[in-house]
Amino acid sequence: MLKNNIQDALNAQISLEASSSATYLSMATWCDRQGLSGCAAFFYAQSDEERMHMLKIVHYINDMDGLAIIPPVDKPASEFESIQIIFKMVYEQEKHVTDSINRLMTLSQEGHDHATTVFLQWYVGEQREEEALVREILDKIRLIGDGSQSLYYIDKELERINKVRAAAEAAGADAGAEAKA
Ligand code: FEO
């Protein structure tokens with residue numbers, strides 16, 4: 001059974017993940033409209049991933065015989081200034097999510113809620129990876145610069161990153177299948 005303050009904080013995290021998913025979906029459609037297909041594919045996948053983060057918490061609360069609340073989601077922005085600014089916004093959003101996970105972790109530790117502490121460990125690792133990835137993209141964008149072909153090269157870089165992520169995920173799935181065999 002979850003303590004009320006932990007359940008409330010987990011439900012707030014559901015809301016944050018749902019909001020990230022909607023924002024990244026809106027960014028994906030904006031990229032599509034600009035012809036940035038590599039960036040669009042990145043954000044469609046990222047939006048799915050945030051939904052998965054949200055669902056994991058919903059299932060966890062249910063497993064703990066609690067009450068998961070599915071939140072309304074604020075309408076995300078549909079227009080953005082540039083792809084460079086989008087990635088800066090994503091970095092700020094991910095840092096905000098990391099702070100929220102860290103606060104949740106502190107709450108679970110202070111409440112001696114070991115099941116929630118163990119559950120949240122996955123999110124701590126996931127946030128470290130997500131922040132590192134967005135920092136890497138921002139570094140690449142800075143190196144590519146503002147030349148006339150910069151959007152072309154940024155999009156190519158995102159295509160490369162999408163392929164690396166897809167291969168890593170496929171390898172992880174294979175490893176998982178082997179582990180179950
Ligand atoms: Fe689920 Fe990117 O935070």
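Just follow the structure's listing: the first ligand is 1, and inside any ligand the first atom is 1.
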**Student:** Going by chain and residue number, what protein N/O/S atoms come nearer than 2.8 Å to atom 1 (Fe) of ligand 1?
**Tutor:** Glu17 OE1, Glu50 OE1, His53 ND1

**Student:** Are Gln127 and Glu131 close enough that a side-chain donor and a side-chain acceptor fall under 3.5 Å?
**Tutor:**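 Note: Gln127 and Glu131 side chains miss the donor-acceptor criterion.
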
**Student:** Does Leu67 sit in a hydrophobic cluster with other residues, and if so which ones, taking ILVMFWY side chains as linked at heavy-atom separations under 4.5 Å, directly or through other members?
**Tutor:** Ile69

**Student:** Restricting to pairs with a member in residues 54-76, which pass side chain to side chain donor-acceptor pair (under 3.5 Å), not counting sequence neighbours?
**Tutor:**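 Every side chain to side chain donor-acceptor pair (under 3.5 Å) pair that includes a residue of residues 54-76, provided the two are not neighbours, is Tyr60-Thr116.
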
**Student:** Linking Ile, Leu, Val, Met, Phe, Trp and Tyr through side-chain heavy atoms less than 4.5 Å apart, which residues share a cluster with Tyr44?
**Tutor:**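 Hydrophobic cluster check, Tyr44: joined to Leu25.
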
**Student:** Does a salt bridge link Lys3 with Glu110, judged by any charged N lying under 4.0 Å from a carboxylate O?
**Tutor:** no

**Student:** Does the distance from a Lys or Arg side-chain N to an Asp or Glu carboxylate O, for Glu79 and Arg33, drop under 4.0 Å?
**Tutor:**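 Yes, Glu79 and Arg33 are salt-bridged.
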
